[in-house]
2 protein chains.
Amino acid sequence: MSESSTLRPTRQRRAITEALAGASDFQSAQDIHDSLRQAGEKVGLATVYRTLQAMADAGEVDVLQGSGGESAYRRCSTHHHHHLVCRSCGRTVEVTGPAVESWAEAVARDHDFAEVSHSLELFGICADCRQQ
Amino acid sequence: MSESSTLRPTRQRRAITEALAGASDFQSAQDIHDSLRQAGEKVGLATVYRTLQAMADAGEVDVLQGSGGESAYRRCSTHHHHHLVCRSCGRTVEVTGPAVESWAEAVARDHDFAEVSHSLELFGICADCRQQ
DNA sequence: TTTGTTGCAAATGCTTTGCAGTTAA
DNA sequence: TTAACTGCAAAGCATTTGCAACAAA
């Protein structure tokens, strides 16, 4: 938990950042660890976890909760948005939903809740996967 | 994974169902196990997990993915809806969002995705928790 | 030098499973 | 009797943490 102290740009940190930049879809910490391995970069698994967590705290990456207790990370634009994920191939599309945002706020107001945030993910089968 | 075979109404099964019925909010498998313990019902933790999973498969309960790799269960009305959960006390309110449903369908259509489902949860601080 | 970082291995914590005994049908 | 169900304890997994060696500032 290194608060907002000093973050050092180390080799490992850079490698992980690049691995995320190169991937188009969500990847688990272990996926990233494997990628780095194959790319010849030696980075400890614990370091991958720690770094990913730090990046998530800093809002540099998005976190998606898998159903098996594992988290998937993805480098993301900073503005608020959601994802449409293909259940079959994992392809991900970034989507925004103004309608949802305002709806969420209205609901929160109705029930007198403050500091409302929301998590929303859409799942389906993409056109490509349907064809075969 | 006992498909659509025969489901037997046992003492344990009943106890778990009642524990869920008595609770108003989401509870983890372990929470339920504890409740049963205190209520004098002796049910194995593994059984609680197996039963909860079976009920989830049957659509009798809702499953919420916690951030720490743990699942929370709740007896739920069968119609489609979402939840507004208090981050502080855990109080849960069931909400529906016609706007969200139609938005989700529209997005899916735009990107040519089929069989679209979505998971949506709202989190905030309820009025009671804010007062203290 | 000082302090954040890293790697490894050990330790967590939640959930699943193997197996033998138990129970509903 | 038979096929599910149960409990216990032993895995299984993803993730976290302690600690000594390291590296950036």
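Across the protein-nucleic acid pair, A:Leu36 atom CG and C:dG7 atom P stand 10 Å apart, rounded to whole Å. For the pair A:Gln30 CD and D:dT15 C1', the computed distance is 8 Å after rounding to whole Å. Straight-line distance from the CG atom of B:Leu45 to the C1' atom of C:dT15: 8 Å, rounded to whole Å. Rounded to a whole Å, the NE2 atom of A:His33 is 13 Å from the P atom of C:dT6. Taking atom CZ on B:Arg13 and atom P on D:dG7, their separation rounds to 11 Å, with Å as the unit. Rounded to whole angstrom, the span from the CZ atom of B:Arg50 across to the P atom of C:dT23 amounts to 15 Å.
Within 6.0 Å of the CZ atom in B:Arg11, the count of heavy atoms belonging to other residues, nucleotides or ligands exceeds 12.
If you check C:dT5, C:dC8, D:dT6 against the side chain of B:Thr47, the one that comes closest is D:dT6. Out of C:dT6, D:dA9, D:dA25, the shortest distance to the side chain of A:Arg8 is found at D:dA25.
Residue whose closest nucleotide on DNA chain C sits further toward the 5' end, between B:Glu70 and A:Lys42: A:Lys42. Residue whose closest nucleotide on DNA chain C sits further toward the 5' end, between B:Tyr49 and A:Gln12: A:Gln12.
Between A:His82 and B:His118, the distance separating the two ring centers is not shorter than 6.0 angstrom. Between A:Phe26 and A:His83, the distance from one ring center to the other falls under 6.0 angstrom.
The closest side-chain donor-acceptor pair between A:Tyr73 and A:Gln53, if any, does not fall under 3.5 angstrom.
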